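Along the sequence shown, the residues carry numbers beginning at 1. Everything numeric here is computed off the predicted structure, so don't read it as measured data. Whatever order the structure lists ligands and atoms in, that order sets their numbers, starting from 1.
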Amino acid sequence: MKFGTKAIHAGAHPDPSTGAIMTPIYQTSTYVQEAPGVNKGYGYARGKNPTREALQENIAAIENGKHCVCFSSGVAATDAVLKMLRPGDEVITGDDLYGGTYRLFTKIFEPYGIKFRFIDLTDASNINNHLNENTKLIWLETPTNPTMQIIDIVACAEIAKAKNITLVVDNTFASPYLQNPLDLGADIVMHSVTKYLGGHSDVVMGALITNDPAIHEKLYFILNSSGANPGPMDSFLVMRGIKTLHLRMERHCFNGRKIAEYLKTHPKIEKIYWPGFPEHPNHEIAKKQMRDFGGMISIVLKDKSIENTFRVASSFKVFSLAESLGGVESLINHPATMTHASIPKEEREKAGVVDSLLRLSVGVEDVEDLIADIEQALA
Ligand SMILES: *Cc1c(COP(=O)(O)O)cnc(C)c1O
């Protein structure tokens, strides 16, 4: 089945007791047993909930995976992956990561004895310089946040496979509509479901998808043992959101392209990061592994003063100044003080996240209104 059909139908089985076409919100903490240990497959709702299971089946299908486990947030999903490791293990990861991922790695897991190597992954062969017998995990994001670098998933997967290292791809920025890392050799796909999958800025959730039953079993064990499970109402909302993922993504991509082209020649813009431009350094890889280029765009203003950057960021009328991305409404974000504030300034600037960088999450409004808004804000 093709993407749109799966997005609408996968996991959505009519309710057996009433025929309701929409999966009910099973708002329950426990399930009545006929006799001790005799139940209908459900014991306690931290472990299993039918609304969550329907969503997991749906997300697995649209990522071309066999298994999905959902978590109460994207970082809870990342946390679960890291809990598969043991003290002394090493992780190779990118130098342009989501701020919350960086914070989780350095502030929570480093003190437990896990070592992280933050390296430039735009050339996958750099991984070879950091491998040793303790390397257990490669964690990558592509496109990266916010400088929109593209990492070659196939090239990283070849290195990981040869050394029996688990490759995880944070696919939040692309969404399953644009990119399916499991097909490119990744072992686990992570999503901040909060973003494109939910799509309506009303839920915080995470997901992990894999084809490997042993990995799935471990992740599910961690979910049930650590307890970062999402609630049934949120599962229902995301299931509803995903039904239009393909329609939303088409418009995100269309609007993204129009706005990127508009900004490219704007006199107040020094630099623009968007992987759809042929002169983007990783454009060829983007073309190879993505179906389109999405609605995430970063710009660096010519006027570098923080005062000017704040004035521009606060001048939008249709775009809202907020963290997050991937919703139907357009957002503008100042990474240095918002999403990436937890990364030290020096590290941040090395990765190109300068004070005059603004990140746009282009929504699905009418693009003429969005361009007019950008025009007046820059003016
Ligand atoms: C938002 C985000 C996360 C974290 O997810 P939450 O749902 O906010 O916990 C991880 N990675 C990327 C790329 C994100 O944008």
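- Listed for the Thr144 side chain is a donor-acceptor partner under 3.5 Å among the backbone atoms of Gln149.
- By the 6.0 Å contact criterion, CZ on Arg103 is open, its count of non-hydrogen atoms from other residues, nucleotides or ligands being 12 or less.
- Summary of contacts: the protein heavy atom closest to atom 4 (C) of ligand 1 is Tyr98 CE2, 3.4 Å.
- A salt bridge does not link Glu368 to Lys258: none of the charged nitrogens lies less than 4.0 Å from a carboxylate oxygen.
- Scanning the protein for heavy atoms near atom 7 (O) of ligand 1, the closest one is Thr194 OG1, 2.6 Å.
- Ring geometry, Tyr31 versus Tyr42: the interplanar angle falls from 30° to 60°, so the pair is classed tilted.
- Near Gly74, with a cut-off below 4.0 Å to any heavy atom, the atoms of ligand 1 are 5 (O), 6 (P), 7 (O), 9 (O).
- Ring to ring, Tyr177 and Tyr196 are not that close: their centroids are 6.0 angstrom or more apart.
- Looking at Thr101 next to ligand 1, no N or O pair under 3.5 Å apart turns up.
- Within the 4.0 Å heavy-atom criterion, the part of Asp170 lying near ligand 1 is the side chain and not the backbone.
- At least one N or O atom of Val75, backbone or side chain, sits closer than 3.5 Å to an N or O atom of ligand 1.
- A cation-pi geometry, defined here as NZ or CZ lying under 6.0 Å from the six-membered ring centre and within 45° of its normal, does not hold between Lys83 and Phe71.
- Here the protein heavy atom with the shortest distance to atom 5 (O) of ligand 1 is Ser192 OG, 3.0 Å.
- Listed by atom number, the atoms of ligand 1 under 4.0 Å from Leu325 heavy atoms are 15 (O).
- Each of the following atoms of ligand 1 lies closer than 4.0 Å to a heavy atom of Met205: 7 (O).
- Closest protein heavy atom to atom 2 (C) of ligand 1: Lys195 NZ, 2.5 Å.
- The main-chain N or O of Leu182 is never found under 3.5 Å from a side-chain atom of Asn64 such that the two would form a donor-acceptor pair.
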